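See below for the structure under consideration.
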Amino acid sequence: MSAPELDTGSTPWEQGPYSIKRHGLSLANCDAEPSQTPGCIQSHGVLLVLRCADLVVVQASENSATLLGLAPDQVLGAPISQVVGVSGESRLRNLIAGDAAQANPLYAFTTEPRGDAPPLDVTVHTIDGVAIVEFEPITRASVAPKDGYELVKKSVGRLRGATTLQHFCTIVAEEFRELTSFDRVLVYKFHQDGHGEIVAESRRDGLTSWLGLHYPAADIPAPARAIFRQLWIRPTPDVDGGLAELVPLVNPDSGLPLTMTYCALRGLSIMHTEYLRNMGVTAGVTMSLRHGDELWGLIAGHSYSGPAHLPLPVRAACEFLAQIVSLQHQAVEAQERLAYRLKLEVTHQQLISQAAQGGGLSAMTESAPTLLDAIDATGAAMYANGRWLRVGATPENDDLDRLAQWVATRTEFESPDRPIYATDRLTEAYPAGESLMAVASGVLALPLSRSRRSLMLWFRAETSQSIRWAGNPQDKPTVPGPHGHRLTPRGSFELFLESVSGRSLPWQAVELDMALRFRTLVMELVLSRAELLTDLNTELVQSNDELDAFAYVASHDLKEPLRGIYKYAHQLLNDASLQGPEHHRKLERLMRLTLRMDSLLDSLLHFSRVGRMALTMEMVDLDSVLAEAIEIVDARRGERPNAIDVPRRLPSATCDRIRVREIFTNLLSNALKYNDKPVCLIEVGFVDAHAPSPGYPAGTSGQTAYFVRDNGIGIEARHIDQVFNMFKRLHTRDDYGGGTGAGLTIVKRLVQRHGGEIWIDSIPGQGTTFWFTLEQAAGR
Amino acid sequence: MLLREAVERIVILEDSDDDFDTMCEAVRHLDFAVEICRVTDGDACVAFLARNTVDLPSLVIMDLNAPCTGGREALRVIKLDPALRRIPVVIMTTSTNPRDVDLCYLYGANAYHTKSIRYPDHLRSIESILRYWLSEVICPSRTVPVT
């Protein structure tokens, strides 16, 4: 076939009736092609249009002479009996009169061979007040014309035995190849974004497999899809067979072009034939695979060696089988969806019990099954207990932090019933995600707590990274058609890459449902672990209370004998019969030890009291509290040059005034005590809530943090944890003024009683900063 | 009889022999005679006072942490008893707990002192208590007035 002159303008047929032959198509307008009114038929057959009222021929394909021996001008205006005889006309009249022929081609009869011309199968259907009569030569006489049921009986039996969709589709491919004798039969599935994938294949030995290849959505344009929603089968007996235009191009009665949606002979768009030709296909058939009105996919047969005409009974069988396949396919898919759901459910239970049995949430990313088994994804992450748990390909922690922060602002997260955010094109909503495209084009996110700090995320990689694309050059002819490589799967792939950039495979409804259910399970798990923790804490509080009571009583009872020891030592010291410097020294030493013991007991008593006494919480002006504390430590301040700087007024806070004064007193006297500089400098201040601060411990941010900073001796990092220990002193008793070593323990206890935290920044030799908060951190 | 009348009688609730000894030491340092009646727990203290309503002591000095019924309970009972409540009760204890201090005054204690670890301080503290209550203030009459 010679390449037609192609009009590559916009839509020139808008000026008049369209004909593939006259107007061709450009790549830009192929989605606008009026493929249901192509004005042409495939030239291996002949088509006549009859007026229903009187069965007079009003249009004829220009090639009518080839099969009928009558040129268009010989049949136009003539009654159909002149072409098919009186019996033929009567047969057609009967069919046309019934409803069955409406938009549904019916087999009418087979003509006798006429000279060299082969016998012709005649079909008829009505549409828009005309009857379309199609004549097709029977070229494969070898195919025994069995009835449709005989042809598909075995196929239906096999299909019913299929349990998985994959198995089902494979049987479909095999059965259709047997039925049609094509070289290759493919089952082609449309994904939600419109691009297609070959999910099953049956092929002649020696052909390369196309199984698993993906095809751009543009390869099957919208008009073609629309036709397949109405039509079960679309044969292309000869890709190179050429086109025959209708004469006249429009119906002389109505002035309208002929709607050829249901015509077996409907002329193929040049795009389609060129695409097929570029794949080396010489003849083909396409059948639709539908779910209700949805086009789920296509079944395509290819022949690579010349024309392949499917006799009418085989076509009928194919059509019948395509319908059965569509029905059965829905059932198998529902079954498979259920199986997927069950599999996910089992996996979710495993994940939960694994975590409940001591593994904790981290088990969900560390040992199989992992979160990746919970939902089909390429990466998963969970933020819990202040850290990220990751598995598979995910963004880095910093990116996850930012993404989580952004996701938490989504209104989807507010939903009480379905707090879930799912996207298969993250960058469209979250431009900052562009650098994450490769691993996280698809995101499924669910909050794990009301505070929304904790969440679960699943990721899907960009589509172009996760699938195998069609376009193996070995499968292509070396000489492309007039539109060049664009009309090859490989050529359109370049365009396709742009259209799927930043996209992932979409999340299925069942996956969203299952993710929500899994979220509930995880939250229950977290909750039950929290309950366990509460129980443990209650026990701990009880044992702490007992310990406090013990310390209180023990200290009291210890003080009494101590007083006695001191007393007798004192009396001995004054006993005239025991004079002598040695005795004197020892008795004085004994008395000093009892005094020291007494002050230790006092500290212990005080500490236990701090734990037990009720706090008087009220709004307190911390600035005045600090002023009082400074006054209290004034006695010690006299010892060495010093300055206590308070650069800005402390705010007010809800706390126990006396206890907070004690915190400041202790920290200030500590700062004054542990200082070896000529001038002791102390700064007291605070950092506002939400202001970032170095060394701010996780979970503390969000509250005002107060600090007491000195230029003192500092604390070595390895000792920092010990300074809060009871009676733990880092220096010998007499260095830095001594002390029992209980001050910081008491400070820590006081801070904790307020629900706050205390921590230390220190550089040995340069100074120490004590930080503390006075309120419970949010979300805890 | 006159001499007998002049002797101040005090009741001391103290279970520690060492502390009681210090108490006696302090009494010896006084320049007037004091009769000391010692009880070692709260019940005994209340019982003793109830038996002697015709000749009440001038002062009760009590430790809080006595065995069995402690000083707190004894203090409460004494201060609730119309016949006994006018006897001055001075607390002399180890406890520095503000809760104890508040509780004792709430019950009606007349003074609250702590025992110092330092023997001389402890001794001096007792001497001043005795001197104050037995010679400086005017104590209520020793017999229960008939109402």
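Only a predicted model underlies this, so the values are computations on that prediction, with no experimental measurement involved.
- With a 4.5 angstrom heavy-atom cutoff, B:Arg99 touches chain A only via side-chain atoms.
- Interatomic distance, B:Tyr119 OH to A:Asn574 CG, rounded to the nearest 0.5 Å: 9.0 Å.
- Between B:Asp18 and A:Arg563 there is no salt bridge, since none of the side-chain N atoms of the basic residue sits less than 4.0 Å from a carboxylate O of the acidic one.
- In terms of heavy atoms, A:Glu560 sits closest to B:Ser16 at OE2-CB, 3.1 Å.
- The backbone N or O of B:Thr94 lies less than 3.5 Å from no partner atom in the side chain of A:Lys559, so there is not a single donor-acceptor pair.
- Note: A:His570 leads A:His570, A:His606, A:Gln571, A:Met591 in heavy-atom pairs under 4.5 Å with chain B.
- More than 12 heavy atoms of other residues, nucleotides or ligands lie within 6.0 Å of NE2 in B:His29, so this atom counts as buried by the packing criterion.
- Residue B:Tyr132 qualifies as open at atom OH: its count of foreign heavy atoms under 6.0 Å is 12 or below.
- Neither the backbone nor the side chain of B:Asp17 comes within less than 4.5 Å of any heavy atom of chain A.
- The number of heavy atoms from other shown groups lying within 6.0 Å of CD (A:Glu618) is above 12.
- Contact annotation for B:Thr93: neither backbone nor side-chain heavy atoms come within less than 4.5 Å of a heavy atom of chain A.
- One distance of note links CG of A:Leu562 with CD1 of B:Ile117; it measures 4.0 Å at 0.5 Å rounding.
- Atom CZ of B:Arg38 has more than 12 neighbouring heavy atoms from other residues, nucleotides or ligands inside a 6.0 Å radius.
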